[in-house]
Amino acid sequence: MDLNSLFSLQDKVAIITGSSKGIGFSIAHFFAAAGAKVVLNSRNQTHLNEAVATLRGRGYEVTGFAHHIGYQEQRKLLIEATVKKYGKIDILVNNAAVSPIFAPIHEYEMGVMDKIIDVNLKAPYELSQLCFPHLKKSTASAIINISSIGAISPERGLGLYSISKAALISMTKVFAKEWGDFNIRVNAICPGVIKTQFSKGLWSDEKIHEHIMKNLPLQRLGNEEEIAAMALFLASEASSYTTGAVFTSDGGYSI
Ligand SMILES: NC(=O)c1ccc[n+]([C@@H]2O[C@H](COP(=O)([O-])OP(=O)(O)OC[C@H]3O[C@@H](n4cnc5c(N)ncnc54)[C@H](OP(=O)(O)O)[C@@H]3O)[C@@H](O)[C@H]2O)c1
């Protein structure tokens, strides 16, 4: 192994869903800095343009495609646009997710379940399928699914979200097993509480914040870059013998 290029993504093409901000944006930044051509994605075109402009301003090769990955047609458009722009796909990061309500499990309506399953589960599944013909042509392809520690130990009030993230771990293992034949590696990351807009309901509530801190060996919330660093490991040669694995990055919360 060449230690100088262990974490390099030179000449790779990566798609990162939900990357106009938060963890996805940080992953896009790290991948671009490692030499990849990166496709950013989110629903809001204005936010996406800002994210792309920020990374281009740092000299990186990035593009933004605004698509709602909860819709089948939009997923196809995202993959088609990527291939049209860069001619190939080596890395897919299934990062975008929703957690629309905080409520006891018996209060969820089926419409909410549909929304959560469409974005958190059907999208990673179909995007992986759509990328398959391209990933199998790559010499070093990888899929990274962003799950959650809620998949391992669910929190009250986040029931359906936790169910979707647990299924994403199962999906990671299923794809890793079947696509090992094609040398496509598939791994999952389970972040703990990372200080983004997504988790604001947790860290901005004094009582919940206190409860989290009591169970947090490292005694602080995580930041986006700590997840991006793990994603870079899983996308690069550094993890070439790792597939079907589930990594927590949670300050020890799930111990
Ligand atoms: N933050 C945490 O504490 C934490 C903990 C465990 C797991 N995670 C997981 O980490 C991932 C990223 O979370 P985050 O905290 O970085 O969230 P975030 O800061 O809220 O960012 C979410 C990103 O996803 C995009 N997005 C949302 N729905 C989308 C859709 N249907 N189609 C395309 N893009 C969409 C958003 O942009 P638009 O709104 O413009 O679409 C935004 O760019 C998620 O999978 C989440 O479950 C986060």
Side-chain angles (χ1 to χ4, degrees), residues 15-30 38-52 54-55 62 64-79 81 92-100 102 114-124 126-127 144-155 158 160-169 171-172 188-205 208-209 212 216 220-228 230-231 246-251 253-254:
I15 304 176
I16 300 149
T17 65
S19 43
S20 63
K21 59 182 177 181
I23 293 169
F25 178 75
S26 225
I27 296 174
H29 177 201
F30 275 38
V38 179
V39 171
L40 283 81
N41 152 264
S42 77
R43 293 163 299 180
N44 184 302
Q45 186 73 61
T46 310
H47 294 160
L48 194 57
N49 290 346
E50 284 167 11
V52 166
T54 302
L55 294 182
V62 299
F65 293 128
H67 294 295
H68 187 318
I69 57 134
Y71 297 116
Q72 198 169 18
E73 198 48 42
Q74 303 259 316
R75 291 172 208 144
K76 288 188 180 143
L77 291 172
L78 173 62
I79 303 308
L92 168 68
V93 182
N94 288 308
N95 170 72
V98 287
S99 180
F102 188 84
D114 288 341
K115 190 173 177 178
I116 291 176
I117 297 302
D118 282 346
V119 178
N120 298 8
L121 214 53
K122 282 192 194 170
E126 196 182 19
L127 286 169
I144 298 152
N145 293 323
I146 307 298
S147 179
S148 167
I149 48 163
I152 298 163
S153 175
E155 289 292 343
L158 294 171
L160 267 176
Y161 170 76
S162 302
I163 290 168
S164 72
K165 292 296 191 178
L168 187 58
I169 288 183
M171 191 191 295
T172 300
I189 301 175
C190 294
V193 184
I194 309 300
K195 208 168 177 185
T196 67
Q197 191 63 31
F198 192 83
S199 58
K200 194 172 178 189
L202 301 178
W203 51 261
S204 63
D205 182 301
I208 301 177
H209 185 262
I212 293 168
L216 204 43
R220 64 171 178 84
L221 302 182
N223 66 60
E224 297 101 322
E225 298 199 334
E226 291 174 302
I227 306 304
M230 189 170 274
V246 181
F247 294 85
T248 53
S249 182
D250 65 350
Y253 189 78
S254 56

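All values derive from a computational prediction rather than experimental measurement. Both ligands and their constituent atoms are indexed starting at 1 by order of listing.
Residue F65 holds its CZ atom at 10.0 Å from CG of N41, rounded to the nearest 0.5 Å. Interatomic distance, I189 CD1 to I146 CD1, rounded to the nearest 0.5 Å: 4.0 Å.
Polar contact check, P191 against ligand 1: no nitrogen or oxygen pair lies under 3.5 Å apart. The N/O atoms of S148, backbone and side chain alike, include none that comes under 3.5 Å of an N/O atom in ligand 1. Inclusion of I194 in the set of residues having an N or O under 3.5 Å from an N or O of ligand 1 is warranted. Below 3.5 Å of separation, one finds no N or O of H47 facing any N or O of ligand 1.
Heavy-atom distances between I146 and ligand 1 reach below 4.0 Å in at least one pair. By the 4.0 Å heavy-atom criterion, W203 is excluded from the residues contacting ligand 1. At least one heavy atom of H67 sits closer than 4.0 Å to an atom of ligand 1. For the ligand labelled ligand 1, residue K165 lies inside the 4.0 Å heavy-atom shell.
Ranking the protein heavy atoms by distance from atom 16 (O) of ligand 1 puts I23 N, 2.7 Å first. Nearest protein heavy-atom neighbour of atom 43 (O) of ligand 1: S20 OG, 2.7 Å. Scanning the protein for heavy atoms near atom 12 (C) of ligand 1, the closest one is N95 OD1, 3.2 Å. Nearest to atom 20 (O) of ligand 1 among the protein's heavy atoms is F198 CB, 3.4 Å. Atom 4 (C) of ligand 1 has as its closest protein heavy atom G192 O, 3.8 Å. Closest protein heavy atom to atom 25 (C) of ligand 1: G18 CA, 3.4 Å. At the top of the distance list for atom 46 (C) of ligand 1, counting protein heavy atoms only, stands Y161 OH, 3.5 Å.
In summary, the atoms of ligand 1 found under 4.0 Å from a heavy atom of A96, numbered by their order in the structure, are 34 (N), 35 (C). Residue N41 has at least one heavy-atom neighbour below 4.0 Å for each of these atoms of ligand 1: 33 (C), 34 (N). Numbered from 1 in the order shown, with element, the atoms of ligand 1 that lie under 4.0 Å from a heavy atom of S147 read 7 (C), 9 (C). Numbered from 1 in the order shown, with element, the atoms of ligand 1 that lie under 4.0 Å from a heavy atom of A97 read 44 (C), 45 (O), 47 (O).
When ring centroids are compared, F30 and F25 stay outside the 6.0 Å threshold.
Under a 3.5 Å cut-off, the side chain of T248 and the backbone N or O of D250 do not form any donor-acceptor pair.
For R220 and E226, the salt-bridge test passes: some basic side-chain N is under 4.0 Å from an acidic carboxylate O.
No part of A123 comes within 4.0 Å of ligand 1, judged by heavy-atom distances.
Looking only at side-chain heavy atoms (C-beta outward), P191 and I149 stay at 4.5 Å or farther from each other.
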